[in-house]
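Note: hydrogens, waters and symmetry copies are ignored here, and every other heavy atom, side chains too, is used. What you see is a predicted model; the values in this text were computed from it and never measured.
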Amino acid sequence: MYLAHSALRTTAKNGKTQLKDNELQQRIEAYRNTCQKYHQEIAAIQKYLPGWLPLFEAKG
């Protein structure tokens with residue numbers, strides 16, 4: 001899941017990462033698509049860890 005949202009991260013001149021609103025929306029959509037693609041794997045994990053979801057970091 002890390003790949004789903006880290007690919008759209010941008011780096012500012014000061015070395016810190018920043019996200020524009022459009023990029024954040026793309027990251028959210030990528031996260032949703034990835035979760036949907038791997039829904040069977042997520043369901044298998046949730047058998048042992050109820051309520052578990054892949055980490056999503058919206059901060060930039």
Side-chain angles (χ1 to χ4, degrees):
M1 302 310 151
Y2 178 77
L3 294 175
H5 58 86
S6 65
L8 297 172
R9 186 173 290 175
T10 60
T11 304
K13 291 181 182 179
N14 62 3
K16 293 187 177 185
T17 56
Q18 294 180 330
L19 294 174
K20 296 180 181 176
D21 288 339
N22 187 36
E23 289 173 312
L24 180 58
Q25 194 61 34
Q26 288 176 335
R27 289 178 77 176
I28 292 169
E29 188 63 28
Y31 176 82
R32 288 180 183 158
N33 289 339
T34 303
C35 287
Q36 186 171 356
K37 179 178 179 179
Y38 293 102
H39 72 276
Q40 291 178 333
E41 290 83 352
I42 293 170
I45 293 170
Q46 288 178 340
K47 286 181 182 179
Y48 301 99
L49 301 170
W52 178 87
L53 287 174
L55 179 65
F56 178 77
E57 294 182 19
K59 59 184 176 182

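By the criterion of side-chain heavy atoms lying less than 4.5 angstrom apart, applied directly or through intervening Ile, Leu, Val, Met, Phe, Trp or Tyr residues, Ile42 is grouped together with Leu49 in one hydrophobic cluster.
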Notebook entry, point to check: When you look at Leu53 and Cys35, which way does the side chain to side chain contact (heavy atoms under 4.5 Å, CB included) test go after all the steps?
Noted result: CA-CA 9 Å; Leu53 287 174; Cys35 287; 5.7 Å; no
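Annotation for Ile28 and Phe56: closest pair CG1-CZ, 3.7 Å, computed over non-hydrogen atoms.
Tested against Glu29 for a side-chain contact (heavy atoms from CB on, under 4.5 Å), the candidates Arg32, Arg27, Gln26 yield a single pass: Arg32.
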